[in-house]
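Below, chain A is the first sequence line, B the second, and so on; all start at residue 1. The structure displayed is predicted, hence computed values, not measured ones.
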Protein chains: 2
Amino acid sequence: MTTNYRIILNSIKKHVLLNEEEEACFCSFFSQRKVKYKETLLKEGEIADATFFVNEGCLRSYNIDENGFEHILQFAPSGWWIADLYSVISKRPGTLNIDALENSIVLVMLRSDQERLFIELPKIERYFRIITENSLVSHRQRLIDNMSLSAPERYEVFCKRYPELIHTLPQKQIAAYIGVTPEFFSKMKSKMK
Amino acid sequence: MTTNYRIILNSIKKHVLLNEEEEACFCSFFSQRKVKYKETLLKEGEIADATFFVNEGCLRSYNIDENGFEHILQFAPSGWWIADLYSVISKRPGTLNIDALENSIVLVMLRSDQERLFIELPKIERYFRIITENSLVSHRQRLIDNMSLSAPERYEVFCKRYPELIHTLPQKQIAAYIGVTPEFFSKMKSKMK
DNA sequence: CGAATTTCTTAATCTAGGTTATTTTTTTTA
DNA sequence: TAAAAAAAATAACCTAGATTAAGAAATTCG
């Protein structure tokens, strides 16, 4: 199995410039992992020691509330990072589950390696500082949307954010992302026509 | 008016170690600003060029939805950072308002200066990388809470997060933070006894 | 201090979205 | 390819929280 770093190097390139040697150094810290459809990469209660970059396929992170309902925090198609950052930085048991919505391939970056990289290659720390800022902004926007938009409006926002997923994802997953029951989502969609 | 850097240097100290020269360099980038009760630091539609550190008093950031309702994203008592990060990093008109809930004093860090600091003093970039990670984690948690908790439970979470504000803040502001109307908040509180 | 403004309370009524239950359709897997 | 499992649709009924309105209490500020 040949590891493909094209996608991650492209992501890096948008924010910092690495020479070939630095690129090689950066890539050497990843290991690759296949995740099958429905396979779990991280379970609630475990301590997460790594962050994942999706090379192929699609994952999701979600938490399960006390009534057993799933709330999806993020979908991660190819080119996206996904992790339980709380657990990674606190080194305590996490609250998120991460699993695959289709057969996928991820690059695994251990936090310990990431921290070594931050010291050896400050440009990598810059890259993560920038993508963390961007992620914070989009979480903030989602929070605002959840507080001020109705369910149909939140669905619209979902469609803009994940256009490639609208028709590949089961409705149930979309409902768990926008924060309604599958029954209501179904009713809502049929009204929309 | 003598500028006091004690609080911000303490915040830095929790994450990176600066020598005296570096501390002096870091502090030289701030300017200080008084913000009176109800005064606005940043209005929706403006391009934000700075991030604020609260030295004294308390600010809030909020957005106003299309029906005129305020949704509070953050309270920032002494020792907290506050900004419209979206506008700061994109250099586009922002969607947030920031104003003072009491007479306050903030330290102002221009984004242009911040970016210079990131280059001159990588430890500062590390500091911001870390506090941005922490902020992302707390936004994520708030998102989960909004999706899975009832209004009284969200009030409990608010009380744990901002214990010093429970009795100093008008109820109206707390309601706009947890995401209910002031009328419902009042009813909810009287039921809780 | 006193008038004006803002905030808080209470209560009746309304509604977006949840719950429960049943049937149909699609997907998975043996 | 058939049986089993999962997902989706539909419908009747329910509820947390919104809306509207009006009076009481607290703050603000001239």
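Protein chain B touches strand DNA chain D; the 5'-most and 3'-most nucleotides with an atom under 4.0 angstrom of its non-hydrogen atoms are D/dG17 to D/dT28.
Between B/Arg154 and B/Asn146, the closest side-chain pair of non-hydrogen atoms falls below 4.5 Å. The closest side-chain heavy-atom distance from A/His71 to B/Ile144 is not below 4.5 Å. A 4.5 Å side-chain heavy-atom check between A/Ile7 and A/Phe53 finds at least one atom pair inside the cut-off.
In this structure, B/Phe52 has no ring-ring contact (aromatic ring centres under 6.0 Å, His included) partners at least two apart in sequence or on a different chain. The salt bridge (charged side-chain N to carboxylate O under 4.0 Å, His left out) search around B/Asp113 returns B/Arg116, not counting sequence neighbours. B/Arg111 meets the salt bridge (charged side-chain N to carboxylate O under 4.0 Å, His left out) test with A/Glu133, B/Glu115; sequence neighbours excluded. With sequence neighbours excluded, no residue forms a salt bridge (charged side-chain N to carboxylate O under 4.0 Å, His left out) with A/Glu183.
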_Across nucleotides 25-30 of chain C, 5' to 3', mark each nucleotide with B, S or - according to how protein heavy atoms within less than 4.0 Å reach it._
---S--
*asked:* Generate the contact string for nucleotides 15-24 of chain C. Rules: B means base contact, S means sugar-phosphate contact only, - means no protein heavy atom under 4.0 Å.
replied: --BBBBB---
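The hydrophobic cluster containing A/Leu85 does not contain A/Leu73, counting ILVMFWY residues as joined when their side-chain heavy atoms lie under 4.5 angstrom apart, directly or transitively.
Sorted by first then second residue, the salt bridge (Lys or Arg N to Asp or Glu O under 4.0 Å) pairs that include residues 86-95 of chain A, not counting sequence neighbours, number zero. Within the structure, salt bridge (Lys or Arg N to Asp or Glu O under 4.0 Å) pairs that include any residue of residues 53-81 of chain A comprise A/Arg60-A/Glu70, A/Arg60-A/Asp99 (at least two apart or interchain). Counting only residues at least two apart or on different chains, the salt bridge (Lys or Arg N to Asp or Glu O under 4.0 Å) pairs with a member in residues 19-30 of chain B are B/Glu22-B/Lys123.
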_Step-by-step ring-ring contact (aromatic ring centres under 6.0 Å, His included) determination, A/Tyr155 to A/Phe185_ = CA-CA 9 Å; A/Tyr155 176 56; A/Phe185 187 73; 5.2 Å; yes
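Of the N and O atoms on the side chains of A/Arg140 and B/Ser135, not one donor lies less than 3.5 Å from an acceptor on the other residue.
A heavy-atom distance below 4.0 Å to DNA chain C is reached by these residues of residues 169-177 of chain B, ordered by number: B/Pro170, B/Gln171, B/Lys172.
In the helix from C/dC1-D/dG30 to C/dA30-D/dT1, the rotation axis of the first five pairs and that of the last five pairs differ in direction by 70°, rounded to 10 degrees.
The aromatic rings of A/Tyr162 and A/Phe75 sit perpendicular, their planes meeting at an angle over 60°, well past the 30° parallel limit.
Contact record, B/Thr95 with B/Asp84: N-OD2, 3.2 Å, taken as the closest heavy-atom pair.
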